[in-house]
Structure formats: structure tokens, C-alpha cells
Visitor: 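Supplied in C-alpha cells, the structure appears directly below.
All of these numbers come straight from a predicted model, not from anything done at the bench. Starting from 1, each residue takes its place in the sequence as its number.
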Amino acid sequence: LVLVALESRLETPIQRVYFPGDEFPGHKVVVNHNSSAYLRALPNHGVLVEISGGGAGSSADGKLSCERVIEGLRSIRLLRDRDQIAATQVIELPRAYPVPTHERVAIVDEARAWLAERGIRTVGRFGEWAYINADEALYRGLCLGEELAREA
């Protein structure tokens with residue numbers, strides 16, 4: 001992840017932008033201040049760019065990642081000029097979302113069966129090892145809670 005903290009507000013309606021190709025140094029740009037009126041009203045905003053391992057913006061040298069991301073944000077006109085930037089940071093996550101593979105379903109089924117044998121129920125993105133929206137994760141949590149309450 002490359003985090004770009006700004007010394008100002010970022011006036012854009014964009015919340016997420018996905019890039020399937022190599023035209024941008026990351027695969028997703030997140031503009032979280034557009035998630036709520038409270039965040040939009042803050043005097044400083046920020047941008048997060050997700051880069052999958054080995055992507056065009058990745059490097060063992062965080063400066064290279066930040067520079068590529070800054071230039072990428074400027075190329076898509078999300079960032080006007082470097083003077084807006086208060087700070088940048090690279091955060092490496094060796095394991096984040098589950099990677100879809102041909103074996104993934106069998107592996108997840110095995111893990112969930114192992115947990116179920118021990119009375120452990122899981123739900124949500126990380127509990128189901130699935131990329132689902134937050135509203136769906138909350139709904140599934142509510143359903144599991146209702147099911148557990150009926151079993152009690």
C-alpha cells in the first residue's frame with residue numbers, strides 16, 4: 001500500500017478507481033474521505049493506492065513506489081501538484097486478500113471444516129476468505145447471530 005497524505009482537501013467525487021492493466025502503478029486507488037460527510041468535511045485528505053506484489057509500482061525501495069504512485073496520481077489528474085503532499089508511506093502486507101487459485105475452494109473448505117469441528121463459526125471477508133462488500137459482510141454477520149441465538 002502506498003499512502004499519500006495531503007495538506008489540503010481533495011475535491012473529487014471519486015471513491016474507488018480500479019486499474020486492470022499496467023497504465024497505472026497500482027490496481028486500486030482509494031479516496032476514503034468520500035465515504036462519509038464527516039470525512040469529506042475534514043481539512044486534510046489522503047489517497048491510498050494498492051499495489052499487488054510485483055506490480056509496476058512495487059519495489060524494495062519505498063521511494064520508487066511513492067514516486068511512481070505520485071506520478072500516476074498526477075497522470076490521472078487526481079493529484080494536481082506535489083505541494084499538496086504532506087507525507088507518503090509504504091506499508092507492505094505479505095498476506096492480505098486470499099489469492100484466487102484453482103485449489104482455493106478446496107483449501108477454504110478444509111479450513112472451515114477444521115474450524116467447525118472445534119465449534120468455531122466464521123463470517124465476513126476474512127472469516128469466509130471472500131471478497132464481499134461491507135454491507136454483505138454485516139448482513140451475513142447478522143444472519144449468523146440470529147442462527148446462533150436460535151440454537152442457544
Side-chain angles (χ1 to χ4, degrees), residues 1-112 115 120-146:
L1 302 174
V2 175
L3 309 172
V4 180
L6 305 176
E7 290 185 342
S8 60
R9 298 183 64 203
L10 185 60
E11 300 299 333
T12 179
I14 293 170
Q15 187 179 46
R16 304 277 190 277
V17 180
Y18 296 89
F19 294 93
D22 292 332
E23 74 277 5
F24 188 81
H27 66 270
K28 181 166 106 177
V29 174
V30 181
V31 184
N32 276 332
H33 69 269
N34 284 330
S35 298
S36 72
Y38 171 79
L39 292 173
R40 272 191 299 281
L42 293 175
N44 303 72
H45 292 164
V47 178
L48 176 130
V49 177
E50 291 184 15
I51 301 171
S52 293
S58 65
S59 166
D61 177 7
K63 287 184 179 181
L64 178 56
S65 293
C66 290
E67 285 304 312
R68 284 189 167 169
V69 164
I70 290 167
E71 288 309 311
L73 292 172
R74 292 183 73 199
S75 75
I76 64 170
R77 297 185 180 140
L78 195 58
L79 184 65
R80 289 186 318 275
D81 109 40
R82 290 176 174 273
D83 292 344
Q84 291 176 270
I85 300 171
T88 59
Q89 181 180 5
V90 175
I91 299 173
E92 295 206 20
L93 302 170
R95 293 176 186 84
Y97 292 118
V99 177
T101 64
H102 293 291
E103 301 82 18
R104 183 186 173 286
V105 171
I107 292 167
V108 168
D109 287 347
E110 182 180 339
R112 292 183 86 179
L115 292 168
I120 299 170
R121 309 275 289 276
T122 62
V123 70
R125 280 188 174 188
F126 292 107
E128 296 179 57
W129 296 277
Y131 189 84
I132 56 176
N133 288 334
D135 59 335
E136 179 65 19
L138 289 170
Y139 174 73
R140 292 180 187 187
L142 176 63
C143 290
L144 177 59
E146 290 172 344

Visitor: Is any side-chain heavy atom of R16 less than 4.5 Å from a side-chain heavy atom of N32?
Guide: yes
Visitor: Nearest heavy-atom pair of V123 and E128: which atoms, and what distance?
Guide: CG2-OE2, 3.5 Å
Visitor: Hey, does the side chain of R140 reach the backbone of G124 with a donor-acceptor pair shorter than 3.5 angstrom?
Guide: no
Visitor: Keeping E23 on the side-chain end and F19 on the backbone end, is there a donor-acceptor pair under 3.5 Å?
Guide: no
Visitor: Mark yes or no for whether Q84, through its side chain, and D81, through its backbone, hold a donor-acceptor pair below 3.5 Å.
Guide: yes
Visitor: Checking the side chain of R40 only, and the main-chain atoms of N34 only, is there a donor and an acceptor separated by less than 3.5 Å?
Guide: yes
Visitor: Over all heavy atoms of both residues, which pair between R121 and L144 is shortest? Give the atoms and the distance, please.
Guide: NH2-CD1, 3.5 Å
Visitor: Between atom CD of E136 and atom OH of Y131, what is the distance when rounded to the nearest 0.5 Å?
Guide: 13.5 Å
Visitor: Can you tell me if E110 has over 12 outside heavy atoms packed within less than 6.0 Å of its CD?
Guide: no
Visitor: Considering the options V47, I91, T88, which one meets the side chain to side chain contact (heavy atoms under 4.5 Å, CB included) requirement together with L3?
Guide: I91
Visitor: Can you tell me how far apart CG (L10) and CG (L42) are? Round to the nearest 0.5 Å.
Guide: 13.0 Å
Visitor: Check the pair V31, L78 against side chain to side chain contact (heavy atoms under 4.5 Å, CB included), reporting the backbone distance first and the verdict last.
Guide: CA-CA 10 Å; V31 184; L78 195 58; 4.0 Å; yes
Visitor: Hey, which of V2, V69, I14, V49 is the one that makes side chain to side chain contact (heavy atoms under 4.5 Å, CB included) with V29?
Guide: V49
Visitor: Would you name the heavy atoms of R112 and G127 that are closest together and state the gap between them?
Guide: NE-O, 4.4 Å
Visitor: With a 6.0 Å cut-off (strictly less than), is the heavy-atom count around CZ of R77, excluding the residue itself, greater than 12?
Guide: no
Visitor: What is the minimum heavy-atom distance between L6 and N44, and which atoms define it?
Guide: O-ND2, 3.2 Å
Visitor: P25 and G72: which non-hydrogen atoms are nearest, and at how many Å?
Guide: CD-CA, 4.1 Å
Visitor: I'd like to know if the side chain of H33 reaches the main chain of H45, judged simply by a donor and an acceptor atom lying under 3.5 Å from each other, with no hydrogens or angles considered.
Guide: no
Visitor: Is there a side-chain contact between E71 and R74 (heavy atoms, below 4.5 Å)?
Guide: yes
Visitor: Which atom names give the shortest non-hydrogen contact between L39 and S36, and what distance separates them?
Guide: N-OG, 3.1 Å
